[in-house]
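The next block holds one structure in the form of structure tokens; read it before the comments.
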Amino acid sequence: QVQLVESGGDLVSPGGSLTLSCTASGFTLQYYAVGWFRRAPGKEREGVSYISNRDNGKYYGDSVKERFTIFRDNAKNRVYLQMNSLKPEDTAVYYCAADWAGDTTVVITTNSNDYDFWGEGTQVTVSS
């Protein structure tokens, strides 16, 4: 069964940190470009961060630059999103998504329509 599962969401105080995990089952995440997206209440989905299938290419949305870090652990079939200096406006449901890329061409995409698989999300709430 092909599946992406996010975990690590929680209630955290402003200025705090969280690390979200995106775990793949039924396929090898190493061959996919991965993106993290979020949707806050009453707002449209927003791209947060992206990582390429190979060569460690990374991209961050303006609102999270220098606060969030995306990275892979291919041995665990996971991609992580380390979030520091969290703000109330980071409150949202966070989703990861995977876009098939293979092992030859480096792929990284900010276009949500390119993604093949999506998880069901994990809630992050930043509040005092």
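Values in this document were obtained by computation on a predicted structure and should not be read as measured data.
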Note to self: With disulfide (SG to SG under 2.5 Å) as the rule and sequence neighbours excluded, what pairs involving residues 1-39 come up?
What the structure shows: C22-C96
Item checked: Partners passing side-chain contact (heavy atoms from CB on, under 4.5 Å) against K43 (at least two apart in sequence or in another chain) -> A40
Next item on the list: Mind jotting down which residue pairs meet the disulfide (SG to SG under 2.5 Å) criterion with at least one end in residues 27-67? Sequence neighbours excluded, please.
Entry: none
Checklist line | Hydrophobic cluster identity match, V34 and V2, side-chain contacts under 4.5 Å | finding: yes
Item checked: Within the 6.0 Å centroid threshold, strictly below: F68 and W36 -> no
Taking distance alone, no hydrogens or angles, what donor-acceptor pairs closer than 3.5 Å link side-chain atoms of residues 99-112 to residues at least two apart or in another chain?
{"from": "T109", "atom 1": "OG1", "to": "N111", "atom 2": "N", "distance (Å)": "3.1"}
{"from": "T109", "atom 1": "OG1", "to": "D114", "atom 2": "OD2", "distance (Å)": "2.7"}
{"from": "N111", "atom 1": "OD1", "to": "N113", "atom 2": "N", "distance (Å)": "2.9"}
{"from": "S112", "atom 1": "OG", "to": "R45", "atom 2": "NH2", "distance (Å)": "3.2"}

Check: Should the heavy atoms of other residues, nucleotides or ligands under 6.0 Å from CD of E120 be counted, would the total exceed 12?
Finding: no
Next item on the list: Taking the side chain as every heavy atom from C-beta outward, state whether K58 and S49 have any atom pair closer than 4.5 Å.
Entry: no
Margin query: My understanding is that only residues two or more places apart in sequence, or in another chain, count here; which of them pass salt bridge (Lys or Arg N to Asp or Glu O under 4.0 Å) with D62?
Written below: K65
Next item on the list: Would you check if M83 and D90 make a side-chain contact, meaning some heavy-atom pair closer than 4.5 Å?
Entry: no
Please output the side-chain donor-acceptor pairs of residues 72-80 that fall under 3.5 Å, not counting sequence neighbours, one pair per line with the distance.
{"from": "R72", "atom 1": "NE", "to": "S52", "atom 2": "O", "distance (Å)": "3.0"}
{"from": "R72", "atom 1": "NH1", "to": "L29", "atom 2": "O", "distance (Å)": "3.1"}
{"from": "R72", "atom 1": "NH2", "to": "Y32", "atom 2": "O", "distance (Å)": "2.2"}
{"from": "R72", "atom 1": "NH2", "to": "S52", "atom 2": "O", "distance (Å)": "3.0"}
{"from": "D73", "atom 1": "OD1", "to": "A75", "atom 2": "N", "distance (Å)": "3.1"}
{"from": "D73", "atom 1": "OD1", "to": "K76", "atom 2": "N", "distance (Å)": "3.3"}
{"from": "N77", "atom 1": "OD1", "to": "L29", "atom 2": "N", "distance (Å)": "2.8"}
{"from": "N77", "atom 1": "ND2", "to": "A24", "atom 2": "O", "distance (Å)": "3.0"}
{"from": "N77", "atom 1": "ND2", "to": "F27", "atom 2": "O", "distance (Å)": "2.9"}
{"from": "R78", "atom 1": "NE", "to": "T23", "atom 2": "OG1", "distance (Å)": "3.0"}
{"from": "R78", "atom 1": "NH1", "to": "Y80", "atom 2": "OH", "distance (Å)": "3.4"}

Item checked: Where at least one partner belongs to residues 55-93, residue pairs that pass disulfide (SG to SG under 2.5 Å), sequence neighbours excluded -> none
Item checked: Under the side-chain contact (heavy atoms from CB on, under 4.5 Å) test, residues paired with S127 that sit two or more places apart -> L11, T125
Check: Hey, which of L81, V93, T122 is the one that makes side chain to side chain contact (heavy atoms under 4.5 Å, CB included) with E6?
Finding: T122
Note to self: So Y60 and T69, do their side chains get closer than 4.5 Å, heavy atoms only?
What the structure shows: yes
Note to self: Looking at every heavy atom in both A97 and F37, which two are closest together, and how far apart are they?
What the structure shows: CB-CE1, 4.1 Å
Next item on the list: Could you list the residues that satisfy side-chain contact (heavy atoms from CB on, under 4.5 Å) with S63, not counting sequence neighbours?
Entry: R38, E46
Check: Excluding sequence neighbours, so at least two apart, what forms ring-ring contact (aromatic ring centres under 6.0 Å, His included) with Y94?
Finding: none
Item checked: All ring-ring contact (aromatic ring centres under 6.0 Å, His included) counterparts of Y95, not counting sequence neighbours -> none
Notebook entry, point to check: With sequence neighbours left out, what residues match Q3 under side-chain contact (heavy atoms from CB on, under 4.5 Å)?
Noted result: Q1, V5, S25
Check: Taking V124 as the fixed residue, which of T91, L20, D10 is the one that meets the side chain to side chain contact (heavy atoms under 4.5 Å, CB included) rule?
Finding: L20
